[in-house]
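This chain uses plain numbering: 1 for the first residue, then up along the sequence.
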Amino acid sequence: MYYAKNPILPGFCPDPSICRAGEDYYLVTSSFAYFPGVPVFHSKDLAHWEQIGNALERESQLVLEGCGHSEGIFAPTIRYQDGVFYMVTTNISGGGNFIVTADTPDGPWSEPHELGEAAQGIDPSLFFDDDGTCYYVGTRPNQKGVRYNGDWEIWAQELDIETMRLTGESHKIWKGALHHGIWPEGPHLYKKDGFYYLIHAEGGTGMEHAVCAARSRQVFGPYEGSPCNPIFSHRHLGADYPVVMAGHGDLVEDGKGGWYIVMLGTRRVGGYGNTGRDTYLAKVRWENGWPVINPGIGKLEESVALPGEPAYKMPQEVSWHFYRKTLPVGFMTLRSAGTDVYRLCETEGCLRLYTAAEKLAGRGTPAYIGVRQSVYDFCTDAVFRFAPAEGEEAGIAMVCDENSHLRFVRRCAEGRQEAALLYCTKGGERLCAAQPLAEGITELRMVCRAQRAEFYCRMDGAWHLVARDIDLRKLSTEEAGGFTGCTVGMYASANGKASENHADFFYFSCTPAR
């Protein structure tokens with residue numbers, strides 16, 4: 001026996017979908033406005049996960065121009081059938097629902113097969129029946145007319161995987177488990193013991209989020225709801241419980257009769273969530289023809305006991321030098337590949353960020369390269385060389401969205417070289433602190449504990465405090481809104497001006513605070 005620690009994927013890994021191919025598990029999550037899109041994770045034992053790539057890594061696959069942080073790519077599903085991996089998702093900022101395929105999950109993935117206007121709504125999924133027939137399952141507004149906010153329905157239709165076109169009639173199969181239920185979404189179909197099972201989310205993505213179940217002898221219904229609906233939720237645990245908003249689940253069978261579900265949940269500290277929605281694992285037992293999640297427990301566990309022996313624990317990078325030709329997996333830009341705002345200088349061992357005119361407070365592609373914030377107690381360091389002209393800046397950024405972020409940077413302001421902490425909340429920016437800097441290499445440090453942060457710069461071989469007790473709650477989804485969590489990364493900008501300058505980052509880390 002061994003244990004999986006929850007969350008199995010911490011930090012901005014929402015809407016998880018999972019599949020098994022032989023003895024290997026693969027999982028994908030939403031990516032919204034970040035590029036590349038749809039990270040792909042691999043595990044041998046459900047406990048230890050490694051990101052092996054991204055399904056959408058080319059701009060020909062993913063157009064995010066002008067989209068907000070919480071737009072872009074919603075709720076992907078990954079499935080495996082007859083040696084082919086399928087990933088279906090929605091780009092709500094353009095292109096709608098589409099499918100990409102790959103022979104191996106680390107890619108390359110195909111160009112998108114757009115499903116067109118026939119594939120209405122969001123949260124698409126695929127189901128392969130025993131005879132190989134593929135069915136598309138999605139959500140859409142009530143076809144009889146939307147009577148209230150969240151009045152949607154789940155529908156299914158056959159999909160010809162040779163032509164990647166929906167065929168035959170579209171069938172409404174489920175309206176939701178509860179009377180006047182809202183936002184039936186994230187649907188997935190499975191087949192077990194002669195029944196077609198529908199697992200879906202309901203209640204919205206907030207505190208009432210839940211997992212519900214229905215079943216039918218026929219793929220297009222009629223479906224009956226589980227007498228225990230919702231079959232899982234944290235809604236009854238209250239706002240002060242450490243993990244809230246649990247829901248949006250996807251089942252997987254381990255090939256030995258064991259069943260599990262992955263779902264999203266949000267960790268809060270002091271009532272605020274900055275890391276976004278994580279991915280959690282729970283056990284599933286079938287009783288009287290229905291799935292029961294974490295029987296005898298009824299909530300997500302901090303650790304999940306798993307049978308057998310664990311696979312080798314995947315190494316996780318937490319600090320980076322840049323003697324390489326490509327960005328490390330897990331790094332992201334905003335809205336495009338950003339190849340015009342950065343370059344890897346392999347021989348010099350640096351990541352060069354050009355001082356683009358674009359700022360974080362916009363909907364373009366700023367010179368920002370970051371990773372997901374996965375914990376609340378962490379330390380971020382950056383070592384870089386930068387000689388800013390007036391109005392230019394480079395350093396560390398912590399980003400919730402285009403309206404809520406902070407920047408700890410070296411800048412030139414009124415002719416002064418300084419380390420400056422700038423905090424943007426809901427579109428308004430203020431200077432929190434500044435410290436004069438001498439010429440030479442810049443070393444900046446941000447130390448976060450719970451919802452507070454301290455900021456340091458290194459001068460004359462010693463760390464100097466620039467700001468302390470900075471409240472990070474303004475970067476939470478409770479304050480800023482949206483569907484993402486925070487990311488932390490390297491940043492450079494000329495703040496609206498044309499510039500040919502650049503900052504060379506030699507080292508960047510984001511490690512748990514001691």
Side-chain angles (χ1 to χ4, degrees), residues 4-10 13-19 27 29-30 46 75 77 123 125 137 139 150 152 154 174-179 181-190 192 195-215 223-254 258-268 273 276-306:
K5 181 181 178 182
N6 267 325
I8 55 172
L9 292 176
C13 292
D15 310 321
S17 174
I18 191 171
C19 73
L27 191 153
T29 68
S30 295
L46 293 172
T77 295
D123 291 8
S125 182
V137 191
T139 66
W152 280 43
I154 296 172
W174 191 242
K175 184 66 182 65
L178 304 181
H179 181 61
I182 63 170
W183 302 118
E185 57 189 3
H188 297 297
L189 276 178
Y190 318 86
K192 185 179 186 297
F195 279 103
Y196 295 91
Y197 286 90
L198 173 67
I199 299 294
H200 68 95
E202 195 167 315
T205 59
M207 294 298 294
E208 290 73 43
H209 209 195
V211 179
C212 294
R215 70 181 186 183
Y223 281 80
E224 60 171 333
S226 167
C228 297
N229 274 328
I231 62 170
F232 193 84
S233 180
H234 276 198
R235 59 172 68 169
H236 61 293
L237 298 175
D240 294 332
Y241 194 72
V243 180
V244 295
M245 307 178 193
H248 202 112
D250 192 10
L251 296 174
V252 67
E253 194 262 335
D254 65 4
W259 286 79
Y260 302 88
I261 188 169
V262 293
M263 70 178 75
L264 65 81
T266 296
R267 287 170 294 156
R268 279 178 167 173
R277 296 171 294 170
D278 311 298
T279 291
Y280 290 80
L281 179 73
K283 292 181 177 180
V284 174
R285 186 168 71 203
W286 294 84
E287 295 182 357
N288 301 317
W290 292 102
V292 178
I293 300 173
N294 275 353
I297 299 164
K299 60 183 179 181
L300 293 171
E301 300 175 277
E302 291 185 7
S303 60
V304 181
L306 299 171

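Taking Glu287 as the reference, Arg285 meet the salt bridge (Lys or Arg N to Asp or Glu O under 4.0 Å) condition, with sequence neighbours excluded. In this view, Glu253 and Arg20 satisfy the salt bridge (Lys or Arg N to Asp or Glu O under 4.0 Å) rule, not counting sequence neighbours. Every side-chain hydrogen bond (donor to acceptor under 3.5 Å, both in side chains) that Ser233 has, sequence neighbours left out, goes to Arg235.
Thr139 places no side-chain N or O within donor-acceptor distance of the main-chain N or O of Asp123, the cut-off being under 3.5 Å. Between the side chain of Asp278 and the main chain of Ile8, no donor-acceptor pair closer than 3.5 Å is present.
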Candidate pair Lys299 and Val243, rule side chain to side chain contact (heavy atoms under 4.5 Å, CB included), full reasoning | CA-CA 9 Å; Lys299 60 183 179 181; Val243 180; over 6 Å; no

Please lay out, stage by stage, how Val244 and His234 fare under the test side chain to side chain contact (heavy atoms under 4.5 Å, CB included).
-> CA-CA 6 Å; Val244 295; His234 276 198; 5.6 Å; no

I would like to know whether Met207 and Met245 meet side chain to side chain contact (heavy atoms under 4.5 Å, CB included); could you show each step before the answer?
-> CA-CA 5 Å; Met207 294 298 294; Met245 307 178 193; 4.2 Å; yes

With side chain to side chain contact (heavy atoms under 4.5 Å, CB included) as the test, would you mind laying out the steps for Trp290 and Ile231 before giving the verdict?
-> CA-CA 9 Å; Trp290 292 102; Ile231 62 170; over 6 Å; no

Criterion ring pair (Phe, Tyr, Trp, His ring centres under 6.0 Å) on Phe195 and Trp286, from CA distance to verdict | CA-CA 13 Å; Phe195 279 103; Trp286 294 84; 9.8 Å; no

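Here the straight-line distance linking atom CD1 of Ile199 with atom OG of Ser125 works out to 11.5 Å at 0.5 Å rounding. To the nearest 0.5 angstrom, Leu189 atom CG is 14.5 Å from Arg215 atom CZ. If you take CD on Glu208 and CH2 on Trp183, they are separated by 14.0 Å, rounding to the nearest 0.5 Å. Note that CD of Glu202 is 8.0 Å distant from CD1 of Ile154, once rounded to the nearest 0.5 Å. For the atom pair Lys283 NZ and Ile293 CD1, the distance stands at 14.0 Å (nearest 0.5 Å). Here OG of Ser303 is found 11.0 Å from CG of Leu281. Values are rounded to the nearest 0.5 Å.
Closest approach of Val211 and Gly249 over heavy atoms only: CG2-N, 4.2 Å. Annotation for Pro7 and Arg267: closest pair CG-NE, 3.9 Å, computed over non-hydrogen atoms.
For the residue pair Ser17 and Asp250, a side-chain donor N or O sits within less than 3.5 Å of a side-chain acceptor on the partner.
Each of Leu264, Asn6, Thr29 was scored for a side chain to side chain contact (heavy atoms under 4.5 Å, CB included) with Thr279, with one residue passing: Thr29.
Considering only heavy atoms from C-beta on, Glu185 comes within 4.5 Å of Thr205 through its side chain. Taking 4.5 Å as the limit, every side-chain heavy atom of Arg277 sits out of range of all side-chain heavy atoms of Ser30.
With a 6.0 Å radius and a threshold of 12 heavy atoms from other residues, nucleotides or ligands, Lys192 has its NZ atom above the threshold.
A centroid separation of 6.0 Å or more is found between the aromatic rings of Trp259 and Tyr190.
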